[in-house]
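Each remark here refers to the structure printed beneath this line.
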Amino acid sequence: MHNQEIAWALTEIADLMEILGENPFKVRAYRKGARIVEGIETPVKTLSDRGQLAKIDGIGKGLCAEIDEMLEEGASRQLQNLREKVPPEVLDMLRLPGVGIRAVRTFFGNGYTTLDELEEGARKHKLRLLPGIAAKTEVAVIRGVEMLRRRSGKFGIGVARPIAEEFVRFLQNLPEVHRAEITGDLRRSQEVVEEIHLLASSQEPDKILDLIEKHPAAVKLLDDGANFVRFQLSFGLPVQVEVVDEAEFIARWVESTGSQAHWAALQERGAKRSDGYSGDWQRFITTQEAEINYYRDLVLPWIPPELREEGSEVAFAAEGKLPEVVKITDIRGDLHIHTHWSDGVSSLEEMIDAGRERGYEYMAITDHSQSLSVARGLSETRLREQRQAIRNLSHRDKNFTVFSGIEMDILPDARLDFPDEMLRETDLVIASVHIGLRQERHKVHARLETALKNPHVDIIGHPTGRLIGAREPYDVDMEWLLDLAAKTGTILEINSSPDRLDLAAPYAKMAKECGIMLSINTDSHDRAKLGDISYGVNNARRAGLEPKDILNCQPLEDVKKILAKPKG
DNA sequence: GCCGTTTTCGGCCCGACTGTTTTCAGTCG
């Protein structure tokens, strides 16, 4: 089992124990263990073999034994036992916003074991007859079940992509495979996908497909044919592997990357060609070895997969109007980072070293501010202490600049968490909404207005507050927000966490059109998450953003000027 | 279950908002 799978298993154990009324601190220990395992970069197997697992803070004897069992057996007996006691959909009830552990226990204790039953109970006003459940909870159940249904069968890019990459490596290591790539929605970096689609080329498709079917992760065969196999992973995600002849690879790759609209637009363009080989253009280009040649034969520049969506991009490309979208190598620093000064896992030193190792020129440490006490937010005194600690560390490397910043809370009553004097002396101020997410629109607007109009607020963090598939955005009129950001010269964040991707690509595109600068940040709470920047970059590419639109694609001196300059 | 320690068991981030309530507990972040 891999680190992520172990982390999922530990989380599931925690959820099930909680439903069964286990000691809350034991539950918390499992959750914490999951978070730690998720953040470890080396495979847990390696640490276990070296006997270093129990030395990690937060992993004691019990969790160590639990993890060792998973590594050896590929499963946890405790988890199996717990699953026998709690039907799977009772776990989903925990995901309903506004429904907590006590309500789930009440539902389960009164015989509700599926979401369908629960929804019916809510619609027929039966839930309110249960102790401690009222009409509002019924509304929350109905809304929440609808949200879960919309999400069902969909998997976040943060789950799908690492798994897809692992299968690609597996395929590439087979001697019979010439080339293997991710294709489909995932290659276009959609936020959520319904399956992983992989394309491989080989002269011996039967042999490849046979091997794939026997892969230990393929728990259930869904479908197979002459040149493909489709199977399901343990947690339900379908994977399709298609094997084609080398000569067909590029054409099939372009076609399967999609979207349908893009492919249709390409075909139309091919059919219209009038310079000699219009009749068999497709046969000609199937023998290409690179996508760039495929597009060149249609007299087009190569179109990045993230832009192959509407179909209209083909015409834009033909007119030379495609944006030069940002690449991951354009990113010069990460400007939203947490450390264990607040709720991060890694130390200040570890985060700074990790940024330097990524080849960044700069980074901003932005821990939470005092009001977010659950995250051990920094008081003014602590922030000043941290600034001094950062200055002390900065002397170690003159080629790497660390800004001392803050992720300051925008309070529910529309005040900011720090006075202006404090903000003035802080290198970079991100203002974010963390509490009071269900307020009415006029209150949310009043809060955002205070933040955007404050001359010291540089960036609005995760501007809509959504968690993909888990929490709706707070109630904000996006056109109003973009207009205000443009007027005040406030930068908006593209939060790279695959759970957030906030701003979403369509809003980021609108922001660019309004002349708003964006900042692609990871919001990392541990050093392993710095790599999430790739999700943010993919999201920005879908929005057609170019390096000039992005704060952290600018050289250090320019970033300093932008942060020092009064807004507006 | 983890940690730290007065080495054997007690304490484990917390405050605001909201409604299950009519005075406190559940939920959220």
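Predicted, not measured: the structure shown is a model, and the values here were computed from it. A note on names: the letters A, B, ... follow the listed sequences, proteins ahead of strands, and every chain is numbered from 1. For the numbers below, each heavy atom of this structure counts, side chains included, while hydrogens, waters and symmetry mates do not.
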Salt bridge check, [Y] against [X]: does any charged N sit closer than 4.0 Å to a carboxylate O?
X	Y	answer
A/Glu449	A/Lys443	no
A/Arg31	A/Glu18	yes
A/Glu146	A/Arg150	no
A/Lys529	A/Asp526	no

For [N] and [M], measure between their [atom1] atoms and round to the nearest Å.
N	M	atom1	result
B/dT23	B/dC28	P	25 Å
B/dT6	B/dG10	C1'	12 Å
B/dT21	B/dT27	P	13 Å
B/dC14	B/dT8	P	27 Å
B/dC12	B/dT18	P	28 Å
B/dA16	B/dT22	P	23 Å
B/dC2	B/dC13	P	15 Å

Closest-nucleotide 5' rank along DNA chain B - winner of A/Gly98 and A/Ala135
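Nearest-nucleotide comparison on DNA chain B picks A/Ala135.
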In terms of the nearest nucleotide of DNA chain B, which residue is placed more toward the 5' end: A/Ile56 or A/Pro131?
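Whichever sits nearer the 5' end wins; that is A/Ile56.
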Selection: residues 115-130 of chain A, any non-hydrogen atom under 4.0 Å of DNA chain B
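Correct list: empty, so none.
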Go through residues 62-90 of chain A and report each residue with a non-hydrogen atom lying under 4.0 Å from DNA chain B, sorted by number.
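A/Gly62, A/Leu63, in order of number.
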Any strand counts, and the cut-off is 3.5 Å on both contacts for Watson-Crick or G-U wobble. Which nucleotide pairs with B/dG1?
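Because both required distances fall under 3.5 Å, B/dG1 counts as paired with B/dC12.
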If only side-chain N and O atoms of A/Arg471 are considered, is one of them under 4.0 Å from the OP1 or OP2 phosphate oxygen of B/dG29?
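So the side-chain polar atoms of A/Arg471 do come within 4.0 Å of the phosphate oxygens OP1 or OP2 of B/dG29, strictly under.
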Atom-pair distance ([atom1] on [X]; [atom2] on [N]), nearest Å:
X	N	atom1	atom2	result
A/Glu22	B/dG1	CD	P	7 Å
A/Ile36	B/dG1	CD1	P	15 Å
A/Arg466	B/dG29	CZ	C1'	19 Å
A/Arg95	B/dT27	CZ	C1'	15 Å
A/Leu53	B/dC2	CG	P	11 Å
A/Lys32	B/dG1	NZ	C1'	10 Å
A/Arg31	B/dG29	CZ	P	14 Å
A/Lys26	B/dC2	NZ	P	10 Å

Between A/Ser76 (side chain only) and A/Leu79 (backbone N and O only), is there a donor and an acceptor less than 3.5 Å apart?
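Yes, A/Ser76 side chain to A/Leu79 backbone: donor-acceptor pair under 3.5 Å.
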Quick one: does A/Ser48's side chain have a donor or acceptor within less than 3.5 Å of a partner on A/Leu53's backbone?
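A pair under 3.5 Å: no.
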Describe the nucleic acid contact of [X] in one word from base, sugar-phosphate, nothing, applying a heavy-atom distance below 4.0 Å.
X	result
A/Gly436	nothing
A/Val27	nothing
A/Pro412	sugar-phosphate
A/Leu372	nothing

For A/Thr522, side chain to side chain donor-acceptor pair (under 3.5 Å) partners two or more places apart:
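By the side chain to side chain donor-acceptor pair (under 3.5 Å) rule, A/Thr522 matches A/Asp334, A/Ser524.
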Quick one: side chain to side chain donor-acceptor pair (under 3.5 Å) partners of A/Asp475, sequence neighbours excluded?
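For A/Asp475, the residues satisfying side chain to side chain donor-acceptor pair (under 3.5 Å) (neighbours in sequence not counted) are A/Arg441.
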Taking the ring centre of each residue, are A/His462 and A/His434 less than 6.0 Å apart?
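Yes, the ring centres sit under 6.0 Å apart.
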What do you reckon, are the aromatic ring centroids of A/His338 and A/His336 less than 6.0 Å apart?
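For A/His338 and A/His336, the ring centres are under 6.0 Å apart.
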Listed pairs, N/O of protein and of nucleotides 23-26 of chain B, under 3.5 Å:
none

Using the salt bridge (Lys or Arg N to Asp or Glu O under 4.0 Å) criterion, which residues pair with A/Arg105? Sequence neighbours excluded.
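With neighbours one apart ignored, the set is empty.
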Just to verify, what does [X] make a side chain to side chain contact (heavy atoms under 4.5 Å, CB included) with, not counting sequence neighbours?
X	result
A/Ser371	A/Leu411, A/Asp417
A/Glu73	A/Glu69
A/Val104	A/Ile19, A/Val90, A/Met93, A/Leu94, A/Val99

Give me each pair satisfying ring pair (Phe, Tyr, Trp, His ring centres under 6.0 Å) with a member in residues 141-164 of chain A, each pair once, sequence neighbours excluded.
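Passing the test, one end in residues 141-164 of chain A: A/Phe155-A/Phe235.
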Pairwise salt bridge (charged side-chain N to carboxylate O under 4.0 Å, His left out) hits with a residue in residues 456-468 of chain A, at least two apart
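Listed by first then second residue: A/Glu191-A/Arg466.
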Once base and sugar-phosphate atoms are separated, protein heavy atoms under 4.0 Å mark nucleotides 7-15 of chain B, 5' to 3', with B, S and - as -----BB-S
